[in-house]
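A quick write-up on the structure given underneath.
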2 protein chains.
Amino acid sequence: MQLKELSERTGITPASIKYYLREGLLPPGEAVHATRASYTERHIKRLQIIQALRHIVHLNIEQIRGILAMADDGAPRLAVLAQVQRVVLDLAVDDGDVTRTRAGDAVVRLRNWPDADSDARDALNRHIAVMESLGITLPMDLLDAYSRAVDGVAGFDLDLTAASTSTDDAILTAAVGMHMHSQLMLKMLALAQASHAIRRFDSPT
Amino acid sequence: MQLKELSERTGITPASIKYYLREGLLPPGEAVHATRASYTERHIKRLQIIQALRHIVHLNIEQIRGILAMADDGAPRLAVLAQVQRVVLDLAVDDGDVTRTRAGDAVVRLRNWPDADSDARDALNRHIAVMESLGITLPMDLLDAYSRAVDGVAGFDLDLTAASTSTDDAILTAAVGMHMHSQLMLKMLALAQASHAIRRFDSPT
DNA sequence: CCTCTAAGATAGAGCCACTATCCAATGAAT
DNA sequence: ATTCATTGGATAGTGGCTCTATCTTAGAGG
């Protein structure tokens, strides 16, 4: 198919598609000749992934390019997914001068996780430290409950990504899944807080 | 104190402070006379809140104004905190045409939460529906584990916000707390996934 | 031959959160 | 008394980001 059809089938304007081509997010179509290119179903899928990463997960163009470039360079799937994690966790965040805790390490031991991925563990340690420095204490039994919940879902998510036929699919599943779980937590927390507030202030039993 | 000192003590440029004044995020200082105004500690605190809501929670100016305007209008603290929730949950999100589930209601029953806040419950129902529509299934025992974890922290957070001496403090605690918990979940999930992946692919026991 | 569409290049638009400049007014410092 | 610093108020400009539009050249199919 050519550009126009690609645009119609994805709902993305030709101008935007050209932009994504320029930015290297979308691989060029096969050049039939100098002024005609042909695109495939893979391009449609790729555009859907770009849309999801942009507008659901809220990544910027550069972050998306970094992930997709790895995939296009034929990097092993696990490496690509590690990159997805790194970007979604936003490891570039500057935590400043908080004194680290080792609470994350404790979680790893508690859950009996193999502690190889130091990126994610460091991110967790840093994050817990930041929360503590903000006066949000995290007792071990809370970390226990969180990690237990997350332990269950991780195996399942892994099945999902492993079942993905293409690396592109795996990227989408992983990124959207992480984001959605985090948002789910936000919504549950809100509901829990609202419920507790009602119980505490509205019913002086 | 006057503007210059306010700027020095918060590290925010006078130009930005004027901008926040213009946008109605920061109440004007008490006018000593036509060309001199005096600011108080409250203004310092307010600026810190604005910074946190902007750069940690990533709210935009309009969202911040909506929240702070309620506080300045003397709205009851619970109403202001409900607004904080609404904004952080981003209820404006357009979920489109997913068929709702009642899984959120089930969670409410399971946890024995009083089901008065329909905003948060609707948000949860919608979110679960969106996840299901994306192929992310959420078995009841996962929702059980999530909600159990969150149930514990909600009471504690409520203590924190209740202990806040000012509504401004309560806003800060609530907004930053919600955001931080959600990010914590993201980081734990990443670590769990990494651990599962290692266990599955690196040790073919 | 005429029209459609392509690639490629470049420029412009629109939003957002600042940031800078200019002004008249005015108390404070010397 | 005069100079200086600073204010409120107004207005305009900047920089980053994601598109969006225009223009050119060129080939293909009807």
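No experiment lies behind these values; they were computed from the predicted model shown. Proteins get letters first, then strands, A, B, ... in listed order; numbering begins at 1 in each.
- B:Arg121 has its side chain out of reach of B:Val107: every pair of non-hydrogen atoms, C-beta onward, lies at least 4.5 Å apart.
- Summarising the geometry, the separation between CD1 on A:Ile17 and C1' on C:dA6 is reported as 13 Å, rounded to the nearest angstrom.
- Comparing B:Ile61 and B:Arg36 along DNA chain C, the residue whose closest nucleotide (by nearest heavy atom) sits nearer the 5' end is B:Ile61.
- The residue among A:Gly29 and A:Arg22 whose nearest nucleotide of DNA chain C lies closer to the 5′ end is A:Gly29.
- Minimum atom distance to the side chain of A:Tyr20 is reached by D:dC19, of the listed C:dA7, D:dC19, D:dG8.
- One side chain, B:His196 or A:Asp151, offers a donor N or O that lies under 3.5 Å from an acceptor on the other.
- For the pair A:His58 NE2 and D:dC17 P, the interatomic distance rounds to 17 Å; values are reported in whole Å.
- Checking C:dT5, D:dT18, C:dA25 against the side-chain heavy atoms of A:Lys4 singles out C:dT5 as nearest.
- The side chain of B:His33 has C:dG27 as its nearest neighbour among C:dC18, C:dA25, C:dG27.
- Considering only side-chain atoms of B:Ala15, the nucleotide from D:dT20, C:dA20, C:dA7 that sits closest is C:dA20.
- Taking only side-chain nitrogens and oxygens, B:Tyr19 never comes nearer than 4.0 Å to OP1 or OP2 of C:dC16.
- Following rounding to the nearest Å, A:Glu62 (CD) and D:dG16 (C1') show an atom-to-atom distance of 12 Å.
- Distance A:Leu3 CG to D:dA21 P: 14 Å, rounded to the nearest Å.
- A straight line from CG of B:Leu21 to P of D:dT7 spans 11 Å, rounded to a whole angstrom.
- Relative to the side chain of A:Ala37, the nucleotides C:dC18, D:dA21, C:dA6 differ in distance, and C:dA6 lies closest.
- Nearest to the side-chain atoms of A:Thr13 among the listed nucleotides D:dT20, C:dT26, C:dT19 stands D:dT20.
- Checking C:dA6, D:dG8, D:dT20 against every side-chain atom of B:Lys18, the shortest atom distance belongs to D:dG8.
- Pairing each heavy atom of B:Ile12 with each of B:Ser7, the nearest pair is O-OG, 2.8 Å.
- Side-chain contact of A:Gln51 with A:Arg54: a donor-acceptor pair under 3.5 Å is absent, judged by distance alone.
- Whole-Å rounding puts the A:Gln63 CD to D:dT18 P distance at 9 Å.
- B:Ile67 has its side chain within reach of B:Leu59: a pair of non-hydrogen atoms, C-beta onward, lies under 4.5 Å apart.
- In this model, the phosphate group of C:dG27 is not approached by any side-chain N or O of B:Thr35 to a distance below 4.0 Å at OP1 or OP2.
- For the pair B:Gln2 CD and D:dA5 C1', the computed distance is 9 Å after rounding to whole Å.
- Going from atom CD of B:Gln51 over to atom C1' of C:dA17 covers 12 Å, rounded to whole Å.
- B:Glu23 comes within 4.0 angstrom of nothing in the nucleic acid, heavy atoms only.
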